[in-house]
S.K.: 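Have a look at this one before I ask anything.
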Amino acid sequence: MGFHCLVANPDGPKMPPFANKVVLVTGGSSGIGKGVALRLASQGAVVALAARTRDTLEQVATQIEQAGSRALVLPTDVADVQQCRAAVEKTVEKFGKLDIVVCSAGLSMRAYLERCDPAAMEKVVRINFLGTLYTAHAAIPHVKRTQGSLVALSSLTGLRGIPSYGLYGATKFAVQGLFDSLRLELQRDGVHVGVVAPGFVDTPLRVSVLGPDGKSWAKPPDPPFRIWPVEKCVDRVVRLIARRKRQSNLPWFMGTMFWLDQITNRAVGDWILRWKFPPV
């Protein structure tokens, strides 16, 4: 079992790489989650879409169905454990199984920690970390049966502390730690567990970055590094699933950069990050 690319019969048509796979995507109404849902559907998967707003989910579902696949709309607040569990169970009830879960729902927050409102911080923690935790927890028995994949969207801020992204980064560090542990726990069951950690990506999240009061910045602070197109990140996610990889970063060379950061005892990295991320 698993998701290694299928070998086509030389005398017959080639099967799409995700043919007959059932996928649940949280945050599936926009951004990276939407892109992943559309891409996997185009490669043969049927997709359950979970997010808070039904109207935007219906629009994505229509795109999937027009492309010849099937979609299930699941209005879901991932901060609610019961709704996460219901999304998983309804997916299995509708399609008979669950092969792939992509936890993509999230909020971005940029502010120095001392200025942050506690209620706003809790909201980010609940969506970014608990939303991933609740969904993965509910999905484990099902992906064990299919020897499937659990995938989370993290961030480069979940691999290295960055000024003004302390709270947001903490949620992504938590996701990294959770999925590292899950990978070891589920390895003997044949379950693939992977994390994609991108830098700045051109999604609706970029224009709704929360400030210290929990409200979106009227004009978000400019990112000091390149903003990557959504499709580039979608490529990373789909490749990670197909190859059953444990980690994929965007850009790819960040693994080398983190290694250089470590061997300089983080001195160079600290200097660059303080310069690039001044108080906002």
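The figures that follow rest on heavy atoms only: side chains count, while hydrogens, waters and symmetry mates do not. Since the model is a prediction, treat every value here as computed from it, not as a measurement.
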S.K.: Short question: side chain of S149, backbone of I100 - any donor-acceptor pair under 3.5 Å?
M.R.: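 No, the answer is negative, given that no donor and acceptor are paired below the 3.5 Å cut-off.
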S.K.: For the atom pair NZ (K123) and CG (L130), what is the distance rounded to the nearest 0.5 Å?
M.R.: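 So the gap between those two atoms works out to 14.5 Å.
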S.K.: Near R39 CZ, under 6.0 Å, is it more than 12 heavy atoms from other residues, nucleotides or ligands?
M.R.: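 Yes.
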S.K.: Would V238 end up clustered with F179 when hydrophobic side chains under 4.5 Å apart are linked, directly or stepwise?
M.R.: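 No, separate clusters.
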S.K.: Hydrophobic clustering (ILVMFWY, side-chain heavy atoms < 4.5 Å, transitive) - are L240 and V234 grouped together?
M.R.: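 Shared cluster, yes.
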S.K.: So how far is it from L40 CG to D99 CG, rounded to the nearest 0.5 Å?
M.R.: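 Spacing of CG (L40) from CG (D99) equals 11.0 Å.
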S.K.: Should V237 and L38 be counted in the same cluster of Ile, Leu, Val, Met, Phe, Trp and Tyr side chains packed under 4.5 Å apart?
M.R.: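 Hydrophobic grouping puts V237 with L38.
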S.K.: Considering residues at least two apart in sequence or located in another chain, which fulfil the side-chain hydrogen bond (donor to acceptor under 3.5 Å, both in side chains) criterion with S154?
M.R.: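 Only Q176 meet the side-chain hydrogen bond (donor to acceptor under 3.5 Å, both in side chains) criterion with S154.
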S.K.: Could you tell me if the side chain of P251 sits less than 4.5 Å from the side chain of R226, heavy atoms only?
M.R.: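 Side chain of R226 against side chain of P251, heavy atoms only: no contact under 4.5 Å found.
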S.K.: Going by heavy atoms in the side chains, are Q43 and K21 under 4.5 Å from each other?
M.R.: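 Side chain of Q43 against side chain of K21, heavy atoms only: no contact under 4.5 Å found.
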S.K.: Is E89 salt-bridged to R85, cutoff N-O under 4.0 Å?
M.R.: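 Looking at R85 together with E89, the answer is no, because their closest N to O distance does not fall below 4.0 Å.
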S.K.: Please report the interatomic distance CG(L150) to NZ(K144), rounded to the nearest 0.5 Å.
M.R.: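 Separation between the atoms: 11.0 Å.
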S.K.: Are more than 12 heavy atoms from other residues, nucleotides or ligands located less than 6.0 Å from atom NZ of K97?
M.R.: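 Atom NZ in K97 is packed in, count exceeds 12.
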S.K.: Looking at R115, I want to see if its CZ is surrounded by more than 12 non-hydrogen atoms of other residues, nucleotides or ligands under 6.0 Å.
M.R.: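 Yes.
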S.K.: Does atom CE (M254) have a neighbourhood of more than 12 heavy atoms from anything else shown, all under 6.0 Å?
M.R.: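 Enclosed: over 12 neighbouring heavy atoms sit under 6.0 Å from CE of M254.
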S.K.: Would you say R183 has more than 12 foreign heavy atoms packed within less than 6.0 Å of its CZ?
M.R.: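 Correct, the count exceeds 12.
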S.K.: Would you indicate whether the side-chain heavy atoms of V268 and L260 approach each other to under 4.5 Å?
M.R.: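 No, their side chains stay 4.5 Å or more apart.
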S.K.: Do you know the tightest heavy-atom contact between K90 and L72?
M.R.: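 Shortest heavy-atom separation between K90 and L72 comes out as O-CD2, 3.8 Å.
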S.K.: Would the distance check show the side chain of H192 and the main-chain N or O of K245 forming a donor-acceptor pair, the cut-off being under 3.5 Å?
M.R.: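 Checking the backbone N and O of K245 against the side chain of H192, a donor-acceptor pair under 3.5 Å is found.
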S.K.: Can any side-chain N or O of D77 pair as donor or acceptor with the backbone N or O of A79 at less than 3.5 Å?
M.R.: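 Yes; judged by distance alone, with no hydrogens or angles, the pair exists.
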S.K.: Exactly one of V81, V25, T26, V102 should register a side-chain contact (heavy atoms from CB on, under 4.5 Å) with T135. Which one does?
M.R.: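 Going through V81, V25, T26, V102 one by one, the side-chain contact (heavy atoms from CB on, under 4.5 Å) with T135 is satisfied by T26 alone.
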S.K.: Taking side chain as C-beta onward, heavy atoms only, is L156 less than 4.5 Å from L159?
M.R.: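 A side-chain contact under 4.5 Å exists here.
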S.K.: Is any side-chain heavy atom of R236 less than 4.5 Å from a side-chain heavy atom of W252?
M.R.: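 Answer yes - side chains close enough.
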S.K.: Looking at CD of Q187 and CG of D189, how far apart are the two atoms once the value is rounded to the nearest 0.5 Å?
M.R.: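 The CG atom of D189 is 10.0 Å from CD of Q187, to the nearest 0.5 Å.
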S.K.: Between V101, V92, T91, which is the residue that forms a side-chain contact (heavy atoms from CB on, under 4.5 Å) with V22?
M.R.: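 The passing option is T91.
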S.K.: Between P198 and L153, is there a side-chain heavy-atom distance shorter than 4.5 Å?
M.R.: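 The answer is yes; the side chains approach within 4.5 Å.
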S.K.: Counting only heavy atoms not in D213, do more than 12 fall under 6.0 Å of its CG?
M.R.: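 Yes, enclosed.
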S.K.: Keeping T76 on the side-chain end and L74 on the backbone end, is there a donor-acceptor pair under 3.5 Å?
M.R.: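 Looks like yes, one N/O pair under 3.5 Å.
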S.K.: Is there a side-chain contact between D202 and P229, using heavy atoms and a 4.5 Å cut-off?
M.R.: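 D202 does not reach P229 side chain to side chain.
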S.K.: Not counting sequence neighbours, which residues clear ring pair (Phe, Tyr, Trp, His ring centres under 6.0 Å) with W275? List them please.
M.R.: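 Listed in chain order: W271.
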S.K.: Taking the side chain as every heavy atom from C-beta outward, state whether C233 and I32 have any atom pair closer than 4.5 Å.
M.R.: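 Yes; the side chains approach each other to less than 4.5 Å.
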